[in-house]
Amino acid sequence: MAESKLNCRITDKYEVHVVNNLPSNLRLHCASGDNDLGHHILGRNTDFHWEFCESYLGNTLFFCHLFWGSKDIAFDVFKSHDKSRCPRGACFYAAKPDGIYFSGYYPPRALEKIYDWKNGHVQ
């Protein structure tokens, strides 16, 4: 990742990574209450990531909705009140065929499965 120019003077800086470790494209939409990061299509082994400064009110929340074929899952990727999960300022998520995995480090260490895909989404 290139050197960041984001300067968080009052609060901590965080980054979130969502990586496609699926055999085909992953569609995703990520947002917070203030920032819509848009809809994206990730090819195999592609990393969608962003940086942000935590709100000085301590109420930052980002979520993502991931779509893979007929499966999908929506979940929070960063919550201020749970920021200890990302102790070095990075939250890493990997979409795999059997579900979503998490590491509180980037580069990731010891991925932990945290969600199963849900069925029923129609593209």
| Atom OH of Tyr56 with >12 non-hydrogen neighbours under 6.0 angstrom | no
| query | Out of curiosity, Leu28 CG to Phe67 CZ, how far, rounded to the nearest 0.5 Å? | reply | 9.0 Å
| remark: Taken to the nearest 0.5 Å, the spacing of Thr60 OG1 from Lys83 NZ works out to 8.5 Å
| Is there a side-chain contact between Asn35 and Phe62, using heavy atoms and a 4.5 Å cut-off? | yes
| note | Taken in chain and number order and not counting sequence neighbours, the residues that satisfy side-chain hydrogen bond (donor to acceptor under 3.5 Å, both in side chains) with Ser84 are none
| query | Do His29 and His39 come close enough that some side-chain heavy atom pair is under 4.5 Å? | reply | yes
| How long is the gap from OH on Tyr93 to CD1 on Ile100, to the nearest 0.5 Å? | 10.5 Å
| message | By the disulfide bond (SG atoms under 2.5 Å apart) test, which pairs, at least two apart or in different chains, include something from residues 11-55? | response | Cys8-Cys53, Cys30-Cys64
| field | Test item: Phe92 and Cys86 side chains (from C-beta on) under 4.5 Å apart, heavy atoms | value | no
| Any sub-3.5 Å donor-acceptor pair from Lys113's side-chain atoms to Asp98's backbone N or O? | yes
| request: Enter the distance from Ile41:CD1 to Ser24:OG here, rounded to the nearest 0.5 Å. | output: 11.5 Å
| Is there a side-chain contact (heavy atoms from CB on, under 4.5 Å) between Glu15 and His49 once you walk through the steps? | CA-CA 7 Å; Glu15 63 185 84; His49 59 273; 5.7 Å; no
| query | Linking I/L/V/M/F/W/Y whenever any side-chain heavy atoms sit under 4.5 Å apart, do Trp117 and Phe63 land together? | reply | no
| query | Should we say atom CG of Leu57 is surrounded by more than 12 heavy atoms from elsewhere, each under 6.0 Å from it? | reply | yes
| query | Would you say Arg27 and Leu66 make side-chain contact, with heavy atoms under 4.5 Å? | reply | no
| query | Hey, does the side chain of Asn20 reach the backbone of Gly43 with a donor-acceptor pair shorter than 3.5 angstrom? | reply | yes
| field | Min side-chain heavy-atom separation Tyr101-Asn21 under 4.5 Å | value | no
| task | Just do the side-chain contact (heavy atoms from CB on, under 4.5 Å) check on Ile114 and Arg85 with the steps written out, would you? | result | CA-CA 13 Å; Ile114 56 171; Arg85 293 188 69 210; 4.1 Å; yes
| query | Tell me, do Pro23 and Pro97 make a side-chain contact under 4.5 Å, heavy atoms counted? | reply | yes
| Does Ser103 reach the main-chain N or O of Arg109 with its side chain, forming a donor-acceptor pair under 3.5 Å? | yes
| task | State plainly whether one hydrophobic cluster holds both Phe52 and Phe75, where clusters connect Ile, Leu, Val, Met, Phe, Trp and Tyr through side-chain heavy atoms under 4.5 angstrom apart. | result | yes
| request: Give a yes or no on whether Tyr105 and Val19 share a hydrophobic cluster (residues Ile, Leu, Val, Met, Phe, Trp, Tyr; joining criterion: side-chain heavy atoms under 4.5 Å apart). | output: no
| Are any of the side-chain heavy atoms of Tyr106 and Asp47 separated by less than 4.5 Å? | yes
| field | Counterpart residues, salt bridge (Lys or Arg N to Asp or Glu O under 4.0 Å), relative to Lys96 (two or more places apart) | value | none
| Going only through I, L, V, M, F, W and Y residues with side-chain contacts under 4.5 Å, is there a path from Leu61 to Trp50? | no
| field | Spatial distance of atom CH2 (Trp68) from atom CG (Leu22) [nearest 0.5 Å] | value | 5.0 Å
| Separation of Phe48 CZ from His40 NE2 (nearest 0.5 Å) | 3.5 Å
| query | What orientation do Tyr14 and Phe78 show, parallel under 30°, tilted 30 to 60°, or perpendicular over 60°? | reply | tilted
